[in-house]
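Input: a single structure, listed below in structure tokens.
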Amino acid sequence: MASKPVPDFKCQANGENAPGGGSGSGRSGHYQSESESDGGPTAKSLARLCSRDEEERTAALEELSQEVLVCLGLDRRHSARLSKQTLLHLLRLSTSCPLQEVRERATELLQTAQEQGVEVPRALASGPSAFIPAKEMLKEGPNQDVLIESFLSLGRVDHVTMVMALHPAYLSCFLRTQHALLELDGPLPRHWRHYIALMAAARHHCSYLVQQHSTGFLEAGGEEGWLSGLEHAPTKLRSLQTLNKLLAHRPWLITQQHIQELVCPGADPRWSLAELIHAVVLMAHAHSLSSFVWGCGLNPEPDHIGGYTFQPPSPSHLPRSPHSPAHEDGRQELVDGAMEVEVLMKRMVELQQQEEACTQEEMVTRFERERSESIPTAVVRGAPPDLVLCLVEEPEFRYEDFAPRGEQAPPTMRAQDYSWEDHGFSLANRLLPDMGQLLDEKFQVVSNLTYHRMAMHEGVDTHTLRKALWNYIHCLYGIRYDDYDYGSVNVLLERSLKVYVKTMTCHPEQTTARVYHAFWRHFRHSEKVHANLIVMEARLQAALLYTLRAITHYMR
């Protein structure tokens, strides 16, 4: 979601517009564009920090340092100030740049500014995730290569990238797909793409993604007024609201009528099918990525609202971002979970060796039992921040169980009748060239991703566990595979894992540290992130299947 850095590095003498002592929670601080620079040498040096030529990067770092030092030396009485954007950019480089020399120099410049009497910001969190120790992601190793590549290509390494880098093969195809959606040639203008994505992220109160896409929207030339409420956006964008809320919460309700209202001749405003499929993939991508952001407890970026403060640290306690998905202390006391791992491994082996086949009637019964099982989700959070709420229409419209008690359940989608492989892939690729291929690659990578280990055991075939996770998520969305025994889901997915998966899939904004730490207590954090990737991609595919089926019916 990041774009090439062209920040506004300026000096501010005599304290003019100097950053105050607040937490940076004011709206204007976030929405101020970072591309107002007149193209001076500092902007060039910042762009050159992403050069693949090491000598050019070194020169750019020296140029950047000199510019900052000149700003600090403008007034010998120390009344000069660096702009807020400059300080936040240095903070971001000091905390997340994978190039050690850049990270260390940014830290030194902030320290020098502080010694010169400048109020400097500090990050409110010690790493990208409130659930996962920072040392799990910031350690040197093979993951560094993909992080460096991301920095050189995009100009920053955001928290999504840092966590996904635990699985480099997946991250590579994720970044390719996201880049195609947001940046490459396509039917929608770039600022519209970011606005559609932030509309989608707002459905799950995901201020992290809303801020990311707000920045991208402004950098692409979008009007700032649109960010203060949906009523300021064009009618054509607002017409996506019904489809957006259904895609986010109850995609099985999407019909060809919803498609017809947007694309048929006479629709006002009218969407082309190419435009619509681009918008649909953007919305589904943002919805599923919101699940990942909440499910991994991602902290705000250090230069985003809620990610920094100009206040000195309190001696009594470490502050925690108010926007952190883990603002309650949810870590349960760890118990000996070795037996749980052994039991799970035994069950996996037994299922792999099982030869007894179920009747089709029993398979359907097991699916219905799994689909209608009552799995509670976490406590509901407080109201989302204004920057999110103003972008949500009908905020009370939420997920409801596919098979609500006492009501007529909607018809199940049989995967054999409409599948990604046989139907969705070709339609997506036809309407939005290459997108079907990119999505298919991502689905394939996450489905086949394995390191042949589980918790403390090596050489383990985890296929049955990964398939149970994927099919359980599709089950929550009312999609049934005739050839899959849903009894396996109950055997392999213990209740605390189901609570986590259902919360993250259906109510991601309710995911808490307690729910995250309660399942797979002896597994690596990277394995939990792996589960998150499966949830994200299974959810994305399910939402796309319902929409693509509706488009197929409309086109007949």
Side-chain angles (χ1 to χ4, degrees), residues 95 123-138 158-160 162-167 201 204-209 211 288-302 304-309 314 316-337 340-341 375-385 388 399 455 469 493-536 539:
T95 57
L124 281 167
S126 60
S129 168
F131 299 170
I132 307 170
K135 63 178 182 291
E136 295 277 330
M137 286 162 287
L138 303 179
D158 62 23
H159 290 170
V160 168
M162 292 172 78
V163 176
M164 283 186 183
L166 292 169
H167 302 282
H204 287 308
H205 303 176
C206 190
S207 57
Y208 178 95
L209 291 180
Q211 291 197 70
S288 60
L289 189 55
S290 295
S291 286
F292 182 84
V293 168
W294 285 111
C296 290
L298 294 198
N299 289 313
E301 295 292 316
H304 281 179
I305 296 170
Y308 66 89
T309 182
S314 166
S316 58
H317 66 279
L318 289 174
R320 177 175 273 161
S321 162
H323 294 265
S324 167
H327 58 268
E328 76 274 16
D329 184 8
R331 181 180 288 276
Q332 296 181 339
E333 184 180 354
L334 289 178
V335 297
D336 182 11
E340 295 174 1
V341 179
I375 298 290
T377 50
V379 295
V380 179
R381 294 184 181 280
V388 170
Y399 173 87
L469 264 174
L493 309 187
E494 40 92 12
R495 192 167 181 83
S496 60
L497 174 56
K498 282 186 174 180
V499 169
Y500 174 76
V501 169
K502 183 173 181 181
T503 302
M504 199 179 115
T505 303
C506 309
H507 310 277
E509 63 277 5
Q510 296 178 19
T511 309
T512 64
R514 186 183 304 279
V515 176
Y516 175 87
H517 290 298
F519 80 97
W520 285 2
R521 289 168 292 184
H522 271 242
F523 282 63
R524 299 171 177 87
H525 286 288
S526 62
E527 291 172 302
K528 292 193 172 192
V529 172
H530 188 176
N532 259 290
L533 297 178
I534 294 172
V535 172
M536 179 172 72
R539 178 189 175 176

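Being a predicted model, the structure only gives us computed values, none of them experimental. One-based numbering along the sequence shown.
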Hey, does the side chain of [X] reach the backbone of [Y] with a donor-acceptor pair shorter than 3.5 angstrom?
X: H167; Y: S526; result: yes
X: E527; Y: A455; result: yes
X: W294; Y: H204; result: yes

Going from [atom1] on [X] to [atom2] on [Y], what distance comes out if it is rounded to the nearest 0.5 angstrom?
X: Y308; Y: T95; atom1: OH; atom2: OG1; value: 13.5 Å
X: W520; Y: H530; atom1: CH2; atom2: NE2; value: 8.0 Å
X: T512; Y: H517; atom1: OG1; atom2: NE2; value: 9.0 Å

May I ask you to test the [X]-[Y] pair for a side-chain heavy-atom distance under 4.5 Å?
X: L289; Y: V160; answer: yes
X: M536; Y: M164; answer: yes
X: Y500; Y: N532; answer: yes
X: V529; Y: I132; answer: yes
X: P302; Y: H159; answer: yes
X: Y208; Y: D158; answer: yes

| request: Mind checking side-chain hydrogen bond (donor to acceptor under 3.5 Å, both in side chains) for S496 and listing every partner two or more places apart, or none if nothing turns up? | output: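 side-chain hydrogen bond (donor to acceptor under 3.5 Å, both in side chains) check on S496 returns E494.
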
| request: Could you label the plane-to-plane angle of the H525 and Y516 rings as parallel, tilted or perpendicular, counting under 30° as parallel and over 60° as perpendicular? | output: parallel

| Evaluation steps, side-chain contact (heavy atoms from CB on, under 4.5 Å), between V163 and L298 | CA-CA 9 Å; V163 176; L298 294 198; 3.5 Å; yes

Looking at [X] and [Y], what are the two nearest heavy atoms and their distance?
X: N299; Y: G127; result: ND2-O, 3.0 Å
X: C296; Y: S129; result: O-OG, 2.7 Å
X: V499; Y: T503; result: O-OG1, 2.6 Å
X: C206; Y: S290; result: CB-OG, 3.6 Å

| message | Taking side-chain contact (heavy atoms from CB on, under 4.5 Å) as the definition, give me every residue that meets it alongside S291, ordered by chain and number, with sequence neighbours left out. | response | M504, P508, R539

| request: Cation-pi check, K528 to F519: give yes when NZ or CZ is under 6.0 Å from the six-membered ring centre and within 45° of the ring axis, no otherwise. | output: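 Yes, K528 lies over the aromatic ring of F519.
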
